[in-house]
Amino acid sequence: MSNKDQTSKLWGGRFSEATDQFVQRFTASVNFDQRMAPQDIQGSLAHAAMLHGIGVLNDQELQDIESGLATILDEVNAGTFAWSVALEDVHMNIEARLTELIGVAGKKLHTGRSRNDQVATDIRLYLRAAIDTISLEIDRLQQGIIDLAETQADTLMPGFTHLQTAQPVVFGHHLLAWNEMLQRDYGRLQDCRSRLNQSPLGAAALAGTTYPIDREQTAAALGFDKPTENSLDSVSDRDFAIEFCSFAALLLTHMSRISEELVLWTSAQFNFIELPDRFCTGSSIMPQKKNPDVPELVRGKVGRVNGHLVSLLTLMKSQPLAYNKDNQEDKEPLFDTIDTVLDCVRAFADMIPAIIPQKDVMREAALRGFSTATDLADYLVRGGLPFRDAHEVVGMAVGHGVDTGLDLAEMTLETLQGFCPDIREDVFEVLTLEGSVAARDHLGGTAPAQVRAAAERAREKVASRSR
Ligand code: ARG
């Protein structure tokens, strides 16, 4: 086969035989990188305008390139673009189609750039847009949680440590704990965005280019804060993708914890909440079943996201400078992470505001398990007893409760005085659930007034986000 048969390849000039069919398929990325077509076109438009500015393209050529790329974007959006594996990736598919549409001007577009800086630019643009979409969904999720927290600022429930009843809290306080996790995740996402938002365009293959390019111009046109500093680094590192995946792993870790609680709470044994039917499915054999599929799936999705983080870390490890084909393997893990995060956050943003708290059941549960035992100890300390002695006294009272089936608040004053004569009638104020939560009246505590104030502050933080 003559090397002329290789001319369908944009790099075919020096080759004397066609690419092996299997190798062609094995090395191609078009099946998964075609989703970056809009960003590839965006980057090409900025590059073409810059080439025109420095005299590489004349007015007509720039116009042809712009209208050709507009046609291609329409074809891509309409689903009529004919993707070809022989053309390897999104970049060469678009360039070949451009030349087919407009002729020789299309062949000039690649002046002063390489697929290496092109792909580095495209991924950053793609990920940046994804981050902005995810950010909006996290806003919506947090708003839903905060609104629910405010309406549940007086709903009593047991707080747990070791999943054993510990002290009473209000449900709104628990919900705002979820919000704090998400607030930090949001911050990590914005950190990632700010570090990735630099333009690698102009790094070319690895060393820069001999044309008098204007990197500031293309960076500004693409909404980047500035051009990257070093051409070798620009085409080689994918740390921004790793950083995004590590954000995602933490977010999904948090969401899996929330999921676990939702699953537990919807069980007949807890019955703290109900989820509307539209978020659940049934069993094909057990007619009574209503399964919390959405939180279960979110809990499970953390597995693939953690896996993708490890994939990318391992992919990057030991790669010498500068670009290596290994980096083509960055896309599938990154894209699947983006898709998974978006789906999970959307599912939660829809579902969490629809939670139906079973307030009576929660209150009833808080009354069991001696959840106000610490309050009794604190009461004795206020009366002058050292904390360790108070702990001992309350331990004996709880032991009596275990034997008799009585909660502390259900014992008579005489019984309690049997454990410590200093106990007075006013002890019953601290032994109630309401008294217990109201007493934790400081920043970060579970007193309903604190929870309302915390919800207000949380809402302001979400509302004041600038993007
Ligand atoms: N498809 C490639 C990737 O995703 C584009 C860059 C290829 N560059 C090269 N010289 N082979 O990384």
Side-chain angles (χ1 to χ4, degrees), residues 6-15 18-20 22-44 46-47 72 76 81 83-98 107 109-130 196 199-210 218 222 228 231-242 244-245 308 311-339:
Q6 277 292 89
T7 49
S8 70
K9 297 270 191 279
L10 298 184
W11 40 252
R14 62 102 71 206
F15 286 76
T19 317
D20 180 271
F22 168 74
V23 170
Q24 180 161 293
R25 185 178 68 69
F26 185 67
T27 55
S29 54
V30 66
N31 286 336
F32 50 84
D33 68 13
Q34 56 181 261
R35 67 155 84 190
M36 299 193 304
Q39 289 72 30
D40 196 68
I41 289 168
Q42 197 187 348
S44 288
H47 182 65
I72 292 171
V76 169
F81 189 92
W83 297 105
S84 156
V85 172
L87 288 167
E88 206 173 312
D89 56 26
V90 61
H91 323 290
M92 291 199 292
N93 267 268
I94 289 177
E95 192 189 322
R97 176 69 179 139
L98 183 65
K107 296 189 185 179
L109 174 62
H110 211 52
T111 313
R113 79 172 180 188
S114 150
R115 273 185 296 153
N116 296 350
D117 61 341
Q118 199 178 348
V119 70
T121 305
D122 292 2
I123 310 170
R124 282 174 165 85
L125 290 174
Y126 187 91
L127 180 54
R128 190 181 68 191
L196 79 75
S199 174
L201 202 56
L206 74 164
T209 176
T210 56
T218 47
L222 294 171
T228 51
S231 63
L232 293 166
D233 173 54
S234 305
V235 294
S236 86
D237 209 336
R238 297 291 183 263
D239 57 355
F240 56 89
I242 295 175
F244 174 78
C245 287
H308 294 327
S311 294
L312 290 189
L313 284 166
T314 314
L315 170 70
M316 203 71 242
K317 178 189 174 296
S318 313
Q319 272 195 52
L321 288 172
Y323 176 84
N324 303 284
K325 186 80 167 184
D326 311 39
N327 276 345
Q328 183 165 288
E329 286 289 302
D330 63 352
K331 289 170 200 62
E332 288 163 291
L334 178 63
F335 294 158
D336 188 67
T337 302
I338 291 170
D339 295 347

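Ligands are counted one by one from 1 in listed order, and the atoms in each one are counted from 1 as well.
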* Asked: Does the distance from a Lys or Arg side-chain N to an Asp or Glu carboxylate O, for Arg115 and Glu88, drop under 4.0 Å?
  -> yes

* Would you sort out whether Asp330 and Leu315 count as a side chain to side chain contact (heavy atoms under 4.5 Å, CB included), showing the intermediate values? => CA-CA 8 Å; Asp330 63 352; Leu315 170 70; 3.9 Å; yes

* Structure fact -> With sequence neighbours left out, the residues meeting ring pair (Phe, Tyr, Trp, His ring centres under 6.0 Å) with Tyr126 are Phe335

* Partners of Ser231 by side-chain contact (heavy atoms from CB on, under 4.5 Å), sequence neighbours excluded? -> Ala203

* Asked: Under 3.5 Å, is there a donor-acceptor pair linking the side chains of Asn327 and Gln319?
  -> yes

Tabulation required: pairs of a nitrogen or oxygen in ligand 1 and a protein nitrogen or oxygen under 3.5 Å; columns are atom names and distance to 0.1 Å; otherwise 'none'.
from: ligand 1; atom 1: 1 (N); to: Ser29; atom 2: OG; distance (Å): 3.2
from: ligand 1; atom 1: 1 (N); to: Asp89; atom 2: OD2; distance (Å): 3.1
from: ligand 1; atom 1: 1 (N); to: Gln328; atom 2: OE1; distance (Å): 2.8
from: ligand 1; atom 1: 4 (O); to: Lys331; atom 2: NZ; distance (Å): 2.5
from: ligand 1; atom 1: 8 (N); to: Asn116; atom 2: OD1; distance (Å): 2.9
from: ligand 1; atom 1: 10 (N); to: Asn116; atom 2: OD1; distance (Å): 3.3
from: ligand 1; atom 1: 12 (O); to: Tyr323; atom 2: OH; distance (Å): 2.4

* Using the test ring pair (Phe, Tyr, Trp, His ring centres under 6.0 Å), find all partners of Phe240 that sit at least two apart in sequence or belong to another chain. => none

